[in-house]
Amino acid sequence: SSFTVTDFSPDSAVAIRNVQLRVTFSKNVDATTVDGNVVITNAATGGEVDGTLVVRGNYATFTPSAACPTPNEDRFCFDADTAFTVAVKTAIKSSAGTSLVCSGDRCASSFTTGSLVDTEDPDLTITTPESGDGISVDSTEAVQVHATDDSEVASGDFTLDGEQFDSVGATGDNLADVTIDSTLDTADLVNGTKYKIGVTVTDIAGNTTDDSVTVTARPAWCFNEELDTDKGETGIDCGGDSASAEYCGACDGSSCTDDSEC
């Protein structure tokens, strides 16, 4: 029930200087409480870095104000080859008004920039579910994305028909090649309706790539590995009236003109 910082990205030495710092929290953030309460400081000089904070859901991103050197003046850079500290203050509140808890070093971090400027977008593939899959209503659905980047992947943002339902920071020993997992709550989905699951992957420079898959909500009995003839199934978890919203999809050996029919 507490409101805490769950992740900093980056939190170590990186090869690039056009870093977009990301602080992820355990709950959605009240954007009006963030300004002045995420402080990035040059570790050597003690000088505070000027920049812009943007809040989206449960995370805040900080972009420095200084332009990168030629030919990348349209991007924003920290000083090259420099160590920085990050301090998050307890004045930040969740969107529900919960005060931030900072125990130990949970609200402090650091990173060191390199000299490169990252202009390349990450690559991503949604590995689960596949486009055309049926997913059970009144349950949960695993959503998984594989992402790579020439520097480091920072996060994956997950949406259902354009509405964000999760944001997950990248983790692992090699942040240039990661798998990011989320879970979709399907309690409010409607049988027979198609939905678009979208994923946006962001790297530590703020470069992004999008992808999506389309799935169809099916009744829970379509996934129970039983023959429910009372529900209209003609095979285990399949068959029946293809015009019905409670259709489970065609059985093996049937003819389909679209993946979602199967």
Side-chain angles (χ1 to χ4, degrees), residues 1 6-7 24 26-28 57-58 122-149 153 155-175 177-202 208-262:
S1 62
T6 60
D7 185 59
T24 305
S26 60
K27 301 177 183 293
N28 286 351
N58 68 324
D123 292 317
L124 76 92
T125 302
I126 299 175
T127 52
T128 304
E130 295 182 2
S131 205
D133 279 357
I135 63 173
S136 175
V137 301
D138 298 322
S139 183
T140 58
E141 177 71 18
V143 183
Q144 185 181 83
V145 59
H146 176 242
T148 59
D149 187 62
V153 176
S155 63
D157 292 342
F158 297 81
T159 61
L160 182 69
D161 284 353
E163 294 294 323
Q164 182 171 311
F165 65 85
D166 201 7
S167 179
V168 181
T171 58
D173 295 331
N174 178 16
L175 292 176
D177 188 334
V178 299
T179 297
I180 304 175
D181 294 288
S182 180
T183 302
L184 171 65
D185 184 347
T186 64
D188 295 326
L189 302 193
V190 178
N191 287 338
T193 302
K194 292 185 178 182
Y195 295 90
K196 179 179 287 187
I197 297 174
V199 182
T200 299
V201 168
T202 305
T208 62
T209 300
D210 304 317
D211 197 8
S212 64
V213 294
T214 299
V215 296
T216 302
R218 304 288 193 194
W221 64 74
C222 297
F223 302 89
N224 64 5
E225 299 182 354
E226 297 179 4
L227 177 59
D228 298 293
T229 55
D230 59 323
K231 305 296 186 183
E233 289 184 354
T234 55
I236 295 176
D237 296 340
C238 66
D241 181 3
S242 61
S244 170
E246 297 182 341
Y247 180 53
C248 290
C251 296
D252 287 349
S254 300
S255 176
C256 296
T257 59
D258 184 84
D259 285 347
S260 62
E261 296 175 2
C262 301

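Quantities reported herein were computed from a predicted structural model and do not represent experimental measurements. Heads up: numbering here begins at 1 and tracks the sequence.
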Item to check | Nearest atoms (heavy-atom pairs only) where N58 meets Q164 | outcome: OD1-NE2, 4.5 Å
Checklist entry - For N174, does the CG atom sit with more than 12 other heavy atoms under 6.0 Å from it, leaving out its own atoms? => result yes
Checklist entry - Measuring from L189:CG to T216:OG1, what's the distance to the nearest 0.5 Å? => result 11.0 Å
Checklist outcome for this item: Note: V145 and F158 closest approach over all heavy atoms is CG1-CZ, 4.1 Å
Next on the checklist: Taking T24's backbone N and O only, do any of them form a donor-acceptor pair with T6's side chain (distance below 3.5 Å, no angle check)?
Outcome noted: yes
Checklist entry - Would you say S182's side chain and V143's backbone share a donor-acceptor pair under 3.5 angstrom? => result no
Checklist outcome for this item: When every non-hydrogen atom of C222 is compared with those of E246, the smallest separation belongs to SG-O, 4.4 Å
Checklist entry - Where do D185 and T183 land on the side-chain contact (heavy atoms from CB on, under 4.5 Å) test, with the steps shown first? => result CA-CA 7 Å; D185 184 347; T183 302; over 6 Å; no
Checklist entry - Within a radius of less than 6.0 Å around CG of D241, do more than 12 heavy atoms belonging to other residues, nucleotides or ligands occur? => result yes
Checklist entry - Which pair of non-hydrogen atoms, one from V153 and one from T148, has the smallest distance, and what is that distance? => result CG2-C, 4.1 Å
Checklist entry - To the nearest 0.5 Å, how far apart are OG in S139 and CZ in R218? => result 15.5 Å
Checklist entry - Would you say T209's side chain and P122's backbone share a donor-acceptor pair under 3.5 angstrom? => result yes
Next on the checklist: Restricting to non-hydrogen atoms, name the atom on Q144 and the atom on D181 that form the minimum distance, rounded to 0.1 Å.
Outcome noted: NE2-OD1, 2.8 Å
Checklist entry - Looking only at side chains, do H146 and D123 share a donor and an acceptor under 3.5 Å apart? => result no
Checklist entry - Can you name the closest pair of heavy atoms from P129 and E141 and give their distance? => result CB-OE2, 3.8 Å
Checklist entry - CD1/I180 to OG1/T171 distance, rounded to the nearest 0.5 angstrom? => result 8.0 Å
Next on the checklist: Whether the side chain of D228 engages the backbone of D230 through a donor-acceptor N/O pair (distance < 3.5 Å, no angle test) should be reported.
Outcome noted: no
Checklist entry - Quick one: are the C251 and C238 sulfurs under 2.5 Å apart? => result yes
Checklist outcome for this item: Distance col, row N224:CG vs C248:SG, nearest 0.5 angstrom, shows 8.5 Å
Checklist outcome for this item: Per side chain to side chain contact (heavy atoms under 4.5 Å, CB included), I126 is matched among I197, V201, V213 by V213
Checklist entry - Going by atom types alone, do T200 and D210 pair a side-chain donor with an acceptor below 3.5 Å? => result yes
Checklist entry - Hey, does the side chain of D237 reach the backbone of E225 with a donor-acceptor pair shorter than 3.5 angstrom? => result yes
Item to check | Any donor-acceptor N/O pair, T193 side chain to V190 backbone, under 3.5 Å | outcome: yes
Checklist outcome for this item: Of I135, T186, L184, D161, the one forming a side chain to side chain contact (heavy atoms under 4.5 Å, CB included) with Y195 is D161
Checklist entry - Is the side chain of S167 donor-acceptor paired with the backbone N or O of D157 at a distance under 3.5 Å, no angle test? => result no
